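Remarks on the structure that follows.
Computed from a prediction, not measured in an experiment: that's the story for all the values here.
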Amino acid sequence: MRAKLPDSAGFVTRGGVNLAYEIYGDAPDTILFIPPWSIVHSRIYKAQLPYFSERFRCVTYDGRGNGKSDRPDDVAAYTLDNYLADALAVMDALDVGQAILVGLSFGGLLASVLAAHHPERVRAAILAGTVSTIGPAHYERLAASHFSAKHESYEGWDKFNRDYWLKNYPDFAEFFIRNICSEPHSTKQIEDGIGWAAETSGPTLIKTVEARSILPGFDVGEEMYRKIRCPVLFIHGDNDQIQPCERAEAAHAAVSGSEFVTIIGGGHNPLGRYPAKANTLINDFIDRRLGIIAPARAPLPRTTREKRALYLSSPIGLGHGRRDIAVARELRKLHPDLKVDWLAQDPVTRLLESNNEHVHPLSARLASETRHIELESGEHELHCFQALRRMDEVLIKNFMIFQDAVEQGAYDIVIADEAWDIDHYWHEHPELKKAKLAWLTDFVGYVPMPAGGEQEALLTADYNAEMIEHVVQHPGVRDRSIFVGTPEDIVPLSFGADLPLMRDWIPKHFDFAGYVIGEHPQGFGSRESLRERLGYRDDERICIVTVGGSGIGAHLIRRILQAYPIVKAKLPELRMVVVAGPRIDAASLAAPAGVEVRAFVANLDRHLAACDLALVQGGLTTCMELAAAGTPFVYFPLRNHFEQTFHVAHRLRRYGAGIQRDFAASTPDMIADAMMLALSRSGKPNPVEADGARRAARMIAELLA
């Protein structure tokens, strides 16, 4: 899923070549994102466009040779003159009189040419990993077994390796992309780059390189850089394997008044590998040098006595929201002057509003993580780890919205319940941290699914290793790390090859609150009175079917509905209530007569405590609410969902709660049998802690003292 779709798109035709463009946003000020070398296309800017289009009109286009743009046959079509003319043609066609330019790699060189030779069209330029025509070049850094001669920088590779590019372009493309993404833990950026490189070909890229021997009709030497008068920001990694940092520094020295930021250890694409840092640098540069200050980042006034907390609750399911509301209530008991703002998404916002909690206005700008998860899901299947990896575009946009909220609100504390983007980017760039951080989670560690094979085992271990490195290198980023559970709830697994055991590492870095439940059923009163208040009769056997706040559970609901007549024939007093959630169309379920379907139930936890049986997915919070209530239930973990398969199932076994079934192997008859089995069981699960919210709140309250 893309974090934001373009508001318009089309083609600009110049000299018979169609150039595909996209426009995001409609603000008065324009940012033009200039494409790099044609081995990739405009999606290289995916970490910038969704966020900056909230305050700018963002224009991007695919350079000739890749993406949706044409691939001319003539070498002469790929000269620097043509690439420059393309940029001007796009600006003219889209009524961009003057723009802020962002250019990565070869796009940085084009931005420099525009700023020097067409100064009236350029307000400012941000040059990331820029190609420069001055300064020292790489000579042997990129030499590899693929090549048979000494090479300078990528401009010259093809002169020596034309045959190789024609015969084995995919191998070269992977080699080159891996050198772009030279930093550790860059697996996702490498995958993206290889995919984009596959959209062009060796013959096309050969033409782009051969065309460099045709000299442009304008100066591109040191004098060109001296002509630039607009504000310029250079962002460059000091370990750039494609364009040496020294080259960018030489260009910086020639551009009067320019600014230079070195990304320590950074490779060739800081915009993609370090998007939080890069986006923040761009924000600050535009604010300072152009005076275009985003209203969302302007600090709000506050009283001296008031304490402020920004609370983030995971949007995947409503259980997190219920437990976080419970923690916030306990926290207010300890700090009555505390003001809590919630940065949240639908459907969590519905739960918060029904509990009179204040939803931060910037919540409306968040990209939907729930929608992404729904698009990633199959028939009762969610490859959770891969879905999270592919959520990178959504997460960076949402992190930047969060960062705006923190900058504006001057919060004393951020409370983050599995807000993975916050934890990742603040650890990656501790200087971005603007408040104390209380971090809550009920699981730690990605686990590979068997279907993913060796590759997934390597990927999960790499992600776990990065997390461990973050925590060890920057232990002060999390002011309090709270594990929602006990040490016994940690799965007895390793973080991966050559990494520690989870049960050894986690207790050294987390405090344990015990399980945090939204509201413990022991506070609901007697089961008889609760059923009466909810309208359930004594002569009914109530079965609740609930699948959380996303639309993933529709397949499970439909199969359960097929089992309903079978159980109804055996148990005439059965009354089934399906809580489909706000994102599933009730009419699409075709529920049989006698089954009630509801979209949203604010006090669902009470219904789960009052019913005789529940059928659910394998989400932890709902299952633990049922365990705490002692309600019999059958749960169906989503296939390839590592958290439900390993972390949740381990915890439920420890409590002796629920009957686990495999959806793929469960026919309606088998589901009916499982329902009858659950109803016949007399034993109760082990008691679930009742004071988890209070314990978590006390830990957080210490940070507000």
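A donor-acceptor pair under 3.5 Å is absent between the side-chain atoms of His555 and the main chain of Phe663, judged by distance alone. Using a distance-only test at 3.5 Å, with no hydrogens or angles considered, a donor-acceptor pair links the side chain of Ser363 to the main chain of Ala344. Formation of a donor-acceptor pair under 3.5 Å by the Asn464 side chain with backbone atoms of Thr460 is found in this model. The closest donor-acceptor contact from the side chain of His335 to the backbone of Leu331 lies at 3.5 Å or more, if one exists at all. Between the side chain of Ser53 and the backbone N or O of Pro50 there is at least one donor-acceptor pair closer than 3.5 Å. Glu418 places a side-chain N or O within 3.5 Å of a backbone atom of Asp442 that can act as its donor or acceptor partner. Side-chain N or O atoms of Ser377 include none that pairs as donor or acceptor with a backbone N or O of Ile552 at under 3.5 Å. In terms of modelled atom types and a separation under 3.5 Å, the side chain of His360 and the main chain of Leu310 share no donor-acceptor contact. Side-chain atoms of Thr622 never come within 3.5 Å of backbone atoms of Gly619 as a donor-acceptor pair (strictly under, hydrogens ignored). Judged by distance alone, the side chain of Ser526 and the main-chain N or O of Ser529 form a donor-acceptor pair under 3.5 Å.
Minimum interatomic distance between Lys684 and Gly630 (heavy atoms only, all atoms of both residues): NZ-O, 3.2 Å. Across all non-hydrogen atoms, the minimal contact from Trp505 to Phe510 is CZ3-CE1, 4.2 Å. Scanning all heavy atoms of the two residues, the minimum distance from Gln644 to Gly618 falls at CG-O, 3.2 Å. Nearest heavy atom pair, residue Thr370 against residue Asp346, reads OG1-O, 3.7 Å. Nearest heavy-atom pair, Ile542 versus Cys611, reported as atom, atom and distance to 0.1 Å: O-CB, 3.6 Å. Between Leu351 and Gly321 the shortest heavy-atom distance is CD2-C, 3.7 Å.
Counted by atom type alone, Arg365 and Asn398 present zero donor-acceptor pairs between their side chains at under 3.5 Å. At a cut-off of 3.5 Å, with distance as the only test, a side-chain donor of His383 or Glu456 sits close to an acceptor on the other residue. Residues Tyr411 and Asp341 bring a donor and an acceptor atom of their side chains to less than 3.5 Å of each other. With no hydrogens or angles considered, no side-chain donor-acceptor pair links Asp7 and Tyr24 at under 3.5 Å. The closest side-chain donor-acceptor pair between Tyr51 and Asp404 falls under 3.5 angstrom.
Between Tyr446 and Phe443, the two ring planes are perpendicular [angle over 60°; tilted spans 30° to 60°]. Ring-plane geometry between Phe483 and Phe512 is classed as tilted, the angle between the planes lying from 30 to 60 degrees on a 0 to 90 degree scale.
When Glu369, Glu191, Glu376 are each tested for a salt bridge (charged side-chain N to carboxylate O under 4.0 Å, His left out) with Arg390, only one passes: Glu376. Tested against Glu379 for a salt bridge (charged side-chain N to carboxylate O under 4.0 Å, His left out), the candidates Arg559, Arg639, Arg558 yield a single pass: Arg559. Tested against Trp420 for a ring-ring contact (aromatic ring centres under 6.0 Å, His included), the candidates Tyr425, Phe399, Trp439 yield a single pass: Trp439. For the salt bridge (charged side-chain N to carboxylate O under 4.0 Å, His left out) criterion with Glu519, the lone passing option out of Arg606, Arg323, Arg694, Arg322 is Arg606. When the options Arg651, His647, Arg503 are evaluated for a side chain to side chain contact (heavy atoms under 4.5 Å, CB included) with Val491, the one that passes is His647.
Residue pairs that meet the ring-ring contact (aromatic ring centres under 6.0 Å, His included) test with at least one member in residues 577-617, sequence neighbours left out, are Tyr536-His607. Annotation: ring-ring contact (aromatic ring centres under 6.0 Å, His included) contacts involving residues 664-698, sequence neighbours excluded, are absent.
Distance check, rounded to the nearest 0.5 Å: CG of Leu395 to NE2 of His372 gives 7.5 Å. Interatomic distance, CD1 of Ile544 versus CG of Leu615, reported as 10.0 Å (0.5 Å rounding).
Aromatic ring centres of Trp426 and Phe402 lie closer together than 6.0 Å.
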Walk me through it: do Asp489 and Arg654 pass the test side-chain contact (heavy atoms from CB on, under 4.5 Å)? CA-CA 8 Å; Asp489 293 320; Arg654 192 178 79 78; 2.7 Å; yes
Take Glu596 and Arg575 through the salt bridge (Lys or Arg N to Asp or Glu O under 4.0 Å) test and state the conclusion after the steps. CA-CA 8 Å; Glu596 305 164 41; Arg575 177 182 172 189; 2.5 Å; yes
Between Lys568 and Glu573, is the salt bridge (Lys or Arg N to Asp or Glu O under 4.0 Å) condition met? List the steps. CA-CA 7 Å; Lys568 182 70 172 177; Glu573 65 271 26; over 6 Å; no
Set out, in order, the CA-CA distance, both residues' side-chain angles and the distance that settles side-chain contact (heavy atoms from CB on, under 4.5 Å) for Val327 and Ile415, then state yes or no. CA-CA 10 Å; Val327 172; Ile415 308 169; 5.5 Å; no
As a quick check of understanding, evaluate side-chain contact (heavy atoms from CB on, under 4.5 Å) for Ile413 and Leu704, giving each step before the final call. CA-CA 8 Å; Ile413 190 170; Leu704 292 169; 3.8 Å; yes
Stepwise side-chain hydrogen bond (donor to acceptor under 3.5 Å, both in side chains) test for Arg389 and Tyr463: CA-CA 10 Å; Arg389 292 185 79 232; Tyr463 272 62; 3.1 Å; yes
Kindly indicate, with the supporting measurements, whether the criterion salt bridge (Lys or Arg N to Asp or Glu O under 4.0 Å) is fulfilled by Arg661 and Asp673. CA-CA 11 Å; Arg661 288 291 183 266; Asp673 290 342; over 6 Å; no
Run the numbers on Leu608 and Thr631 for side-chain contact (heavy atoms from CB on, under 4.5 Å), then give the verdict. CA-CA 7 Å; Leu608 295 176; Thr631 301; 5.5 Å; no
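The closest side-chain heavy-atom distance from Gln617 to Leu638 is below 4.5 Å. Side-chain contact between Asn640 and Cys384 is absent, with no heavy-atom pair separated by less than 4.5 Å.
Using a cutoff of 4.0 Å between basic side-chain nitrogens and carboxylate oxygens, Asp612 and Arg531 are scored as salt-bridged. Electrostatic pairing of Glu689 and Arg695 does not count as a salt bridge here, judged by no charged N lying under 4.0 Å from a carboxylate O. Glu22 has a carboxylate O that lies under 4.0 Å from a charged side-chain N of Arg2, or vice versa, which qualifies the two as a salt bridge. A salt bridge is absent between Arg350 and Glu357: the closest approach of a Lys/Arg side-chain nitrogen to an acidic carboxylate oxygen does not fall below 4.0 angstrom. Using a cut-off of 4.0 Å between Lys/Arg side-chain N and Asp/Glu carboxylate O, Glu330 and Arg332 are scored as not salt-bridged.
The environment of Asp662 atom CG is dense: over 12 non-hydrogen atoms of other residues, nucleotides or ligands sit within 6.0 angstrom. Within 6.0 Å of CG in Asp539 there are more than 12 heavy atoms belonging to other residues, nucleotides or ligands.
A search for salt bridge (Lys or Arg N to Asp or Glu O under 4.0 Å) contacts involving Lys46 returns Asp192, Asp392, not counting sequence neighbours.
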